[in-house]
Amino acid sequence: MIIFLGDTNLKKIEKFVESITPRDDDFARWYTDICLGAELCSYSNVRGCIILRPYGCAVWELITAELDRRFKETGHENVKMPLFIPESMLQKEKDHVEGFAPEVAWVTHGGDEQLTERLCIRPTSEVLFCDHFAEIIQSWRDLPKLYNQWVSVVRWEKTTRPFLRTREFFWQEGHTAHATAEDAMEETLLMLDIYEEFFRNALAIPVLKGLKSESEKFAGAVRTYTVEAMMHDGKALQSGTSHYLGNGFAKAFNIQYTDKDNQLQFVHQTSWGISSRSIGGLIMVHGDDEGLVLPPAVAPIQVVIIPIATHKEGVLEAAMKLKGDLKAAGLRVLLDDSDRMPGWKFSEYEMKGVPIRLEIGPRDIVKNQCVAVSRDNREKVFIPLKNAADEIPALLAALHRRILERAEKSMMERIYDVDSLDDFAKTIEEKPGFIRAPWCGSADCEAKVKELTTATSRCIEADGEIEGRICVVCGEEAKHSVFWGKAY
RNA sequence: CGAGGUGUGGCGCAGUUGGCAGCGCGCGUGGUUUGGGACCAUGAGGCCGCAGGUUCAAGUCCUGUCACCUCGACCA
């Protein structure tokens with residue numbers, strides 16, 4: 001049988017061939033297609049490492065700028081610690097070294113010569129900061145020390161995915177030392193709040209905030225708090241953590257100060273971090289079948305201007321004037337006057353998640369207007385050229401609100417309350433999302449949930465309702481209300 | 001770490017029984033186009049992952065090795 005296809009069908013087929021994998025057909029492949037297609041990153045020749053390409057790097061730089069500003073506003077200072085940790089130093093805190101040992105990369109040689117002591121490539125820098133704190137802290141007047149660093153760290157992961165789990169990743173790690181446990185706890189919670197605020201207001205990602213269970217907490221911490229986001233496929237992404245370290249590290253590293261009564265005291269510490277993994281979150285929360293959708297705060301290009309029929313009288317001039325107006329208004333603008341077809345450019349910048357597209361062609365110039373199209377809903381509005389600089393910021397703000405609201409609705413609608421383990425297993429299997437269920441607090445029950453459902457405890461709900469409720473596993477009195485989910 | 005898969009122009013792939021290394025996209029140049037991924041013409045681009053072996057002859061067969069991908073196990 002011979003099938004004749006009309007022009008329209010041929011076009012559709014061509015487009016289908018060139019487009020990315022539909023999100024709901026194969027989420028994992030869709031994710032990878034976006035990472036590569038939006039030119040965020042490339043695979044490198046070392047397994048588990050990625051090359052951050054200019055566009056992806058620009059997103060990361062905007063993320064770092066947003067966070068760094070918040071850190072500075074709350075009195076933190078940036079430092080840079082070395083890349084290497086001597087093996088003996090790493091081993092000073094027992095829980096810590098046990099937690100990280102399986103994924104540490106080692107340097108054994110300098111040139112041809114074997115080192116007398118192996119050097120670990122930092123998987124995190126607690127011990128480096130501790131060693132340094134011990135040296136610089138003597139008096140209560142030296143406290144608090146509020147440090148942060150922007151570096152990359154290495155964890156020799158076995159299964160890797162771009163941004164979500166790479167062997168080397170970029171992050172910030174805050175490390176602070178305080179006179180009292182109360183001060184350290186206050187810092188721990190302050191940074192957690194800053195993370196939550198950052199995710200909402202910069203990345204338009206809603207998060208659940210809470211305490212990690214004993215088995216999920218950071219190696220060496222007394223308490224670990226987390227912000228957890230829900231991805232489009234219902235899985236959880238641990239997006240930022242804030243640890244209250246107590247004085248365990250201080251004792252291991254002898255970080256002491258003299259208080260006002262001339263007594264020697266150990267400091268109380270915190271550490272907290274957000275990584276380039278958050279870019280993966282951006283993709284998986286906001287992206288759609290056309291590609292990435294970026295919230296304006298971290299969009300390297302907030303507005304792309306696409307002139308139509310650039311050879312026609314006045315088009316390019318009007319586009320350049322528009323670009324100048326928008327730049328003067330403080331927006332990040334790109335004018336694409338390349339000789340690509342307009343349709344090609346539309347698809348390209350949708351793939352890259354540019355929030356607003358402005359079209360300006362001969363028909364608009366006659367009317368002294370341009371066409372603005374929002375990335376998330378493709379809504380078109382006509383804007384008089386002289387008003388563009390005033391009206392675009394409002395469009396950007398509206399886009400941020402819409403994608404945040406949509407993400408919030410999507411998360412809230414997919415948190416399911418269950419009261420039995422059967423119901424738990426059935427729900428997590430049939431309805432991707434989070435489970436909220438009471439828990440007695442025992443590690444055995446927690447492990448049993450994981451074994452039966454593959455879901456792990458994500459965090460303990462702050463003011464969870466547990467009055468009169470029982471643990472979904474053992475039936476004992478519930479101590480906590482816990483959010484559970486399958487996690488990246 | 002276990003199972004599977006893949007290595008051939010920049011990318012995606014084909015390459016039969018061993019016999020001149022090809023196709024699509026992309027890229028360069030010239031021109032026509034331009035409101036949802038244009039078209040014509042004309043060019044450039046290769047140690048077939050790497051190392052051995054068999055053969056008159058290897059992208060193709062054999063042995064080894066390396067890398068990457070997917071799914072598991074593991075993983076603050």
Side-chain angles (χ1 to χ4, degrees), chain A residues 7-8 10-20 26 28-29 31-33 36-37 39 42-50 93 95-104 123-126 153 155-162 164-167 169 171 173 212-226 238-245 271-273 275 277 290-291 306-312 315-316 336-351 357-365 369-371 373 378 380 382 450-451 454 456 459 487-488:
Chain A
D7 277 351
T8 330
L10 275 174
K11 246 184 189 157
K12 266 185 194 159
I13 287 167
E14 272 172 33
K15 182 160 199 268
F16 179 70
V17 167
E18 289 175 22
S19 68
I20 56 178
D26 184 340
R29 179 156 299 183
Y31 174 81
T32 309
D33 284 351
L36 302 176
E39 298 183 343
S42 284
Y43 286 108
S44 81
N45 288 321
V46 178
R47 182 153 72 94
C49 295
I50 55 172
E93 214 287 339
D95 291 340
H96 188 65
V97 67
E98 276 176 13
F100 281 101
E103 45 187 353
V104 161
T124 178
S125 307
E126 268 72 11
V153 290
R155 297 178 190 180
W156 213 250
E157 304 285 354
K158 286 172 178 157
T159 303
T160 59
R161 298 189 62 190
L164 299 175
R165 176 158 279 115
T166 48
R167 284 183 170 172
F169 57 88
W171 78 343
E173 44 179 320
K212 282 286 188 189
S213 69
E214 280 298 302
S215 61
E216 292 282 331
K217 79 178 186 187
F218 177 71
V222 175
R223 300 176 128 197
T224 290
Y225 291 86
T226 179
Q238 178 176 306
S239 300
T241 47
S242 185
H243 315 292
Y244 168 64
L245 302 178
S271 68
W272 26 275
S275 75
R277 175 185 249 196
E290 292 4 282
I306 299 179
I308 311 293
T310 48
H311 61 286
K312 297 265 176 70
V315 169
L316 207 49
D336 187 344
D337 58 356
S338 70
D339 57 6
R340 296 277 195 189
M341 300 297 288
W344 190 95
K345 294 178 188 173
F346 295 169
S347 301
E348 177 71 7
Y349 296 105
E350 279 170 7
M351 171 67 83
R357 171 176 88 230
L358 292 181
E359 300 170 28
I360 183 161
R363 294 208 298 267
D364 301 308
I365 289 174
Q369 66 174 24
C370 58
V371 185
V373 184
R378 287 197 177 193
K380 275 191 185 186
F382 297 92
K450 189 178 180 183
E451 187 190 324
T454 73
T456 51
C459 67
Y488 275 99

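No experiment lies behind these values; they were computed from the predicted model shown. In what follows, chains are A, B, ... by sequence order, proteins preceding strands, each numbered from 1.
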A:Ile365 side chain near A:Val315 side chain, heavy-atom distance below 4.5 Å: yes
Same-atom distance (C1') from B:U63 to B:U55, integer angstrom: 16 Å
Quick test: give all pairs of protein nitrogen or oxygen and nucleotides 24-26 of chain B nitrogen or oxygen below 3.5 Å, distance rounded to 0.1 Å.
none

Pair A:Phe218-A:His96, side-chain contact (heavy atoms from CB on, under 4.5 Å): steps then yes or no: CA-CA 8 Å; A:Phe218 177 71; A:His96 188 65; 3.6 Å; yes
Provide, to the nearest angstrom, the distance between the CD atom belonging to A:Gln369 and the P atom belonging to B:G35. 17 Å
Expressed as a whole number of Å, how far does the C1' atom of B:G35 sit from that of B:G31? 23 Å
Would you measure the distance from the C1' atom in B:U6 across to the matching atom in B:G19 and give it in whole Å? 27 Å
Nearest-Å distance, CE (A:Met351) to P (B:G36)? 19 Å
With the side chain counted from C-beta on, respond yes when A:Tyr43 and A:Pro162 share a heavy-atom pair under 4.5 Å apart, and no when they do not. yes
Between P on B:U70 and CG on A:Leu36, what's the gap in Å once rounded to a whole number? 10 Å
Can a donor-acceptor pair be found, under 3.5 Å and without considering hydrogens, that links the side chain of A:Glu93 to the backbone of A:Asp95? yes
Distance-only check: which donor-acceptor pairs under 3.5 Å involve side-chain atoms of residues 338-346 of chain A, not counting sequence neighbours?
unit_1	atom_1	unit_2	atom_2	d
A:Ser338	OG	A:Asp336	OD1	2.7
A:Lys345	NZ	A:Asp336	O	3.0
A:Lys345	NZ	A:Ser338	O	2.9

All heavy atoms of A:Gln369 vs all of A:Phe382, minimum pair found to be NE2-CD2, 3.1 Å
Whether each nucleotide of nucleotides 71-76 of chain B has a protein heavy atom under 4.0 Å at its base (B), only at its sugar-phosphate (S) or at neither (-) is summarised, 5' to 3', as -BB-BB
Tell me the interatomic distance from A:Asp336, atom CG, to B:G37, atom C1', rounded to whole angstroms. 13 Å
Shortest non-hydrogen pair, A:Met351 vs A:Gly37, comes out as CG-O, 3.5 Å
Between B:U16 and B:A51, how far apart are the C1' atoms? Round to whole Å, please. 28 Å
How would you label the contact of A:Pro102 with the nucleic acid (heavy atoms, under 4.0 Å): base, sugar-phosphate, or nothing? nothing
How long is the gap from CD1 on A:Ile306 to CD on A:Glu359, to the nearest 0.5 Å? 6.5 Å
Mind running side-chain contact (heavy atoms from CB on, under 4.5 Å) on A:Arg155 and A:Thr124 for me, showing each step along the way? CA-CA 9 Å; A:Arg155 297 178 190 180; A:Thr124 178; 3.7 Å; yes
Residue whose nearest RNA chain B nucleotide is more 5′ - A:Arg29 or A:Gly361: A:Gly361
Interatomic distance, A:Asp33 CG vs B:C69 P [rounded to whole Å]: 15 Å
So does A:Glu157 get a backbone contact from the side chain of A:Arg167, meaning a donor-acceptor N/O pair under 3.5 Å? yes
Contact between A:Val373 and A:Tyr349 at the side-chain level, heavy atoms closer than 4.5 Å - yes or no? no
Please report the distance separating the C1' of B:G24 from the corresponding atom of B:A76, rounded so that it comes out in whole Å. 47 Å
Taking B:A21 as the reference, what is the distance to B:U8 when you measure between their C1' atoms (whole Å, please)? 8 Å
If I pick the C1' atom on B:C66 and the same atom on B:A41, what distance separates them, to the nearest angstrom? 44 Å
Looking only at atom P, what distance separates B:A44 and B:C1, rounded to whole Å? 48 Å
Under the 3.5 angstrom rule, does the side chain of A:Glu173 hit a backbone N or O of A:Ser125 as a donor-acceptor pair? yes
Nearest whole Å is fine: how far is B:G36 C1' from A:Glu290 CD? 11 Å
Gap between atoms CG and P, on A:Leu316 and B:U34 respectively (whole Å): 16 Å
Kindly give the atom pairs (protein nitrogen or oxygen, nucleotide nitrogen or oxygen) under 3.5 Å for nucleotides 2-9 of chain B.
none

Is a side-chain N or O of A:Tyr244 found less than 3.5 angstrom from the main chain of A:Tyr225, in a donor-acceptor match? no
Main-chain N/O of A:Leu164 paired with A:Arg277 side-chain donor or acceptor, under 3.5 Å: yes
Report the stems of RNA chain B as range-with-range entries sorted by first number; a stem here is at least three consecutive pairs, Watson-Crick or G-U wobble, both distances under 3.5 Å, and write none if there are none. B:1-7 with B:66-72, B:10-13 with B:22-25, B:27-32 with B:38-43, B:49-53 with B:61-65
Measuring from A:Leu316:CG to A:Ile360:CD1, what's the distance to the nearest 0.5 Å? 10.0 Å
What distance separates A:Cys370 SG from A:Ile308 CD1, expressed to the nearest 0.5 Å? 11.5 Å
Atom pair OG1/CD1 of A:Thr32 and A:Ile20 - distance to nearest 0.5 Å: 11.0 Å
Each nucleotide N or O in nucleotides 28-33 of chain B that has a protein N or O under 3.5 Å away: list the pair and distance.
none

Distance in angstrom units between A:Tyr43 OH and B:G10 C1', rounded: 18 Å
Treating A:Thr226 as the side-chain partner and A:Lys212 as the backbone partner, does any N or O pair qualify as donor plus acceptor under 3.5 Å? no
For A:Arg357, which contact category applies under a 4.0 Å heavy-atom criterion: base, sugar-phosphate, or nothing? base
